[in-house]
Each structure stands twice: as C-alpha cells, then as structure tokens.
Amino acid sequence: GDGCGHTLLTPHSGTLSSKNYPGTYPNHTACRWRLRAPPGTSLLLAFGDVDLEPSERCARSSLLLADPQAGTAYGPYCRNAGPAAPLLVTNSSAVTVLFNSTSHRSGRGLLLSYATSQHPGRGEASPRDAETHPPPGLVYCPAGCKDIDGDIWGNPSQGYRDTSVLCKAAVHAGVIADELGGQVTLSREKGITLYESAFANGLHSKRWARGSWGPWLHPAPGPCRLPLSACGDALEVAAFNASSWWYEVDALGQDRAWAAERAALGAAGHSWAAEPGSEGAWLELDLGTRRNVTGIITKGSSERYDYYVTSYRVSSSRDGKNWRTYRGSGGQEDKVFEGNADSHGEVSNAFIPPIVARYVR
C-alpha cells in the first residue's frame with residue numbers, strides 16, 4: 001500500500017518502516033508486509049520505534065501483527081498502547097504486519113526489524129540499537145540497515161563513536177552486507193579525540209571531535225572483512241595491466257605515460273588513466289597467486305587534474321582467461337560499486353563474500 005516506507009525483506013532478516021519515517025506518516029494510508037522465515041524456524045521481531053498518534057484502542061493509527069499459524073494477534077499498538085517489550089518472540093515462521101492510519105496530526109510512524117531463531121548472537125539488534133548503548137558481545141544486525149535514518153561518526157580503522165547507529169556502522173565498516181545482515185562483535189574501548197569521516201560501502205560517516213567512549217566493530221567468527229588497510233593485511237600486487245593508458249604531452253612537448261603501474265594506492269605523482277575517449281576501460285591486478293580478497297580502496301589522481309572514478313564493476317579470474325563478474329551476496333545482478341566523489345579522498349568497498357582469485361579487474 002501507499003503507507004509503505006523503506007522495506008528490505010529476506011528469509012532470515014529484514015527491516016521495514018512506514019512512509020516518510022522518521023517524518024510524519026501520511027493520512028488515510030495503509031501497508032501490509034508478509035514476513036516468512038524458513039520452515040522449522042520462528043520469527044523474532046524488534047520494535048525500533050512505534051510512534052503512532054494516540055487514540056482510544058488505537059482507532060486512528062495502529063500497528064497490528066497477525067500470526068496465522070497460531071491464530072493469534074499482537075496489538076493494536078500506538079503511542080498510548082505500545083509493545084510491552086522491545087523484542088517479540090513468536091512461535092511462528094510467518095507473521096503479517098498491518099499498518100493503518102486515518103486523519104492525524106503527529107507521529108513518526110514505525111520502524112521494525114526481524115530475524116529468525118537460527119541467527120547467532122545474544123539477541124537481535126534494532127536498527128537503532130546503538131542509541132540504547134548495548135553492552136559488548138555478539139549482536140545480530142538485520143538486513144536493510146543501510147538506508148534507515150540516523151548518523152554514524154568514525155571509520156573502520158579508528159572505530160565509531162558510541163552514539164552511532166550500530167548496524168549502520170557495521171555496514172559502513174564492511175563487516176556485514178546490507179542485503180543479508182549478520183553477526184557483529186561489539187567491543188567498547190576508550191574513545192579518541194577525533195573521529196575522521198569516510199565514505200565506505202555506499203555510506204558517508206561524519207567527522208566528530210572531542211573525547212568519548214566508542215564501540216569498535218569486528219566480524220565474528222571468521223577472518224577480517226574490513227577494507228584491506230583497516231585489517232592490516234594489504235595485498236601486494238605482482239603486476240598491473242590495463243586496457244589502455246593515457247600518453248600526456250605537456251606544455252614543453254614531453255611525453256608522460258599514465259601507465260597501469262601508476263595505479264598503486266599511495267604512489268607518488270600521477271596515477272593510471274585510461275586513454276581519453278576509450279569505452280569499457282579496465283585495470284587489472286595480478287596478485288601473483290590465488291588470494292582471499294576482502295575489499296578494495298580507491299582514490300583519484302589529485303596531481304594537476306581532478307580525475308576520479310565514480311562507479312565500477314569488479315571481475316576476477318583464477319587463470320587470467322576465464323572471468324567472472326562479482327555479484328555480491330545477492331547473486332542476481334552484477335554489483336555496481338560506488339566510487340569516488342573527488343580526486344583526493346579514499347573510498348572503501350568490502351567484498352561479502354570475499355573474492356578468491358589471482359587476477360582482479
């Protein structure tokens with residue numbers, strides 16, 4: 001219905017909200033979401049926010065959860081009759097969520113997430129769980145946290161200020177994929193005086209100064225999935241190759257090649273650039289042997305020219321002949337990564353699942 005806002009539903013977790021959330025939801029609107037978990041599992045629902053204008057028996061605006069298997073219902077809920085607890089544990093693998101509104105003046109609407117009884121961790125995190133300052137330990141973040149309202153301060157290498165939206169920070173750090181959700185290990189350390197901003201995995205974090213206590217997010221269990229420099233395990237490139245490169249002729253008539261080997265991150269001077277006007281340009285990295293690649297960091301060329309790449313796809317090969325385009329955890333379409341917005345900042349993107357290959361384009 002026209003009352004549906006941000007929605008991402010998967011078999012194992014998801015996030016949904018009313019239209020315009022956290023702004024005022026529309027008058028005379030409705031939405032129905034059908035949540036389905038794998039057979040043999042049950043749904044756990046986390047109420048991130050239920051702010052529907054109060055009325056007698058929630059007649060004007062309401063949230064109702066129906067469990068068709070058990071023949072039970074939860075609600076109706078509104079501001080003066082909210083859920084008894086932030087987490088609802090059902091005994092069903094299917095729940096229908098119903099949102100209705102009539103004429104009203106105020107209310108942010110609703111924000112709800114869910115997971116299944118199969119998920120790891122001590123419990124499910126609401127999309128805005130960081131606002132309640134959860135203790136260190138294992139937390140399960142549902143799919144769909146990337147586009148919810150709320151800010152994050154920090155970056156994968158420094159950590160994040162403790163008022164950051166927890167699961168959104170986990171997507172930014174590259175420890176989970178937004179389309180899947182997953183387990184996050186939260187540890188709380190003494191804060192630092194300055195958290196730098198960064199653009200990573202399609203999200204902008206903010207810069208924050210002054211001291212604070214802040215959580216540092218790491219994936220668990222399993223190997224480091226942060227961008228390579230944050231993991232302290234940057235892979236060495238044995239050789240660079242490219243579809244073409246630009247031969248610049250300067251004002252003195254001297255040639256300068258923006259060749260493939262200039263593409264190494266942090267290289268002094270000019271970078272690699274494809275031949276002007278070329279289509280389908282690519283840069284190839286030979287890692288020397290088959291490696292586990294968990295992410296990539298890109299940067300433009302800030303020397304004399306404002307050159308940078310705004311988006312790209314990634315392909316990999318084990319033999320340099322047969323190539324496979326990366327599709328990410330969804331697996332339906334080739335994934336387009338968000339690149340740089342200027343020539344001087346670094347942008348990180350994680351590969352979840354990792355790429356196992358010798359050659360990467």
Side-chain angles (χ1 to χ4, degrees), residues 154-159 172-174 192 194-205 207 224-289 291-317 320 326 337-351 354-355 357-361:
N155 56 73
S157 59
Q158 290 183 305
H172 183 268
I192 57 179
L194 176 65
Y195 291 93
E196 292 288 356
S197 63
F199 182 60
N201 299 298
L203 284 171
H204 286 277
S205 65
R207 188 174 184 267
C224 182
R225 291 185 186 273
L226 296 176
L228 298 179
S229 63
C231 291
D233 189 22
L235 301 178
E236 293 186 6
V237 178
F240 290 93
N241 193 14
S243 55
S244 66
W245 49 83
W246 177 34
Y247 288 95
E248 177 192 14
V249 180
D250 63 21
L252 300 177
Q254 297 178 328
D255 292 343
R256 184 166 69 162
W258 294 58
E261 57 267 22
R262 305 291 312 169
L265 188 69
H270 61 287
S271 65
W272 166 72
E275 183 180 5
S278 61
E279 296 183 0
W282 49 261
L283 174 71
E284 181 182 306
L285 287 67
D286 178 1
L287 302 177
T289 186
R291 302 298 299 272
N292 191 57
V293 186
T294 60
I296 184 171
I297 300 173
T298 59
K299 182 178 179 294
S301 176
S302 55
E303 183 181 278
R304 296 179 56 189
Y305 302 96
D306 192 27
Y307 289 161
Y308 53 93
V309 173
T310 59
S311 63
Y312 57 93
R313 293 180 174 86
V314 174
S315 298
S316 61
S317 173
Y326 187 77
F337 293 89
E338 292 188 59
N340 300 71
D342 54 50
S343 60
H344 55 271
E346 294 184 0
V347 172
S348 303
N349 279 295
F351 299 142
I355 293 173
R358 172 177 173 175
Y359 302 92
V360 178
R361 281 185 181 178

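Positions are given from 1, in the same order as the sequence printed here. Values below: all heavy atoms of this structure, side chains included; hydrogens, waters and symmetry mates excluded.
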Any side-chain heavy atom of Leu287 sitting closer than 4.5 Å to one from Val293? yes

What one should report as the nearest heavy-atom pair of Asn201 and Ala350 is OD1-N, 2.6 Å

Check Phe240, Tyr305, Tyr247 against Trp258 for a ring-ring contact (aromatic ring centres under 6.0 Å, His included) and give me the one that passes. Tyr305

Side chains of Arg358 and Ser317, heavy atoms from C-beta outward: is any pair under 4.5 Å? no

Here the gap from Arg291 atom CZ to Ser316 atom OG, rounded to the nearest 0.5 Å, amounts to 15.0 Å

Taking all non-hydrogen atoms of both residues into account, name the closest pair between Ala257 and His270 and its distance. O-NE2, 3.0 Å

Can you tell me how far apart CZ (Phe199) and CD (Glu346) are? Round to the nearest 0.5 Å. 14.0 Å

Working to the nearest 0.5 Å, report the span between CG of Asn349 and OH of Tyr326. 10.0 Å

Measure the spacing between CG of Leu265 and OG of Ser271 and express it to the nearest 0.5 Å. 10.5 Å

Asn155 versus Ser205, side-chain donor and acceptor atoms under 3.5 Å: no

In terms of heavy-atom contacts, Trp272 and Ala263 come closest through CB-CB, 3.8 Å

Return the CZ to CZ distance between Arg256 and Arg262, rounded to the nearest 0.5 Å. 8.5 Å

To the nearest 0.5 Å, how far apart are CG in Asn241 and CH2 in Trp245? 6.5 Å

Contact summary for Arg207 and Ser197, nearest pair of heavy atoms: N-CB, 3.6 Å

Within the 4.5 Å heavy-atom criterion, are Phe351 and Val314 side-chain neighbours or not? yes

How close do Lys299 and Asn340 get, heavy atom to heavy atom, and via which atoms? CA-ND2, 3.6 Å

Does the side chain of Ser343 come within less than 4.5 Å of Tyr307's, by heavy atoms? no

Taking 4.0 angstrom as the limit, do Glu284 and Arg361 come out as a salt bridge? yes

So, for Pro156 and Ala173, which heavy atoms are closest and what is the spacing to 0.1 Å? CG-CA, 3.8 Å

Flag side-chain contact, heavy atom, 4.5 Å: Tyr308 against Val347: no

Taking the side chain as every heavy atom from C-beta outward, state whether Ile296 and Phe337 have any atom pair closer than 4.5 Å. no

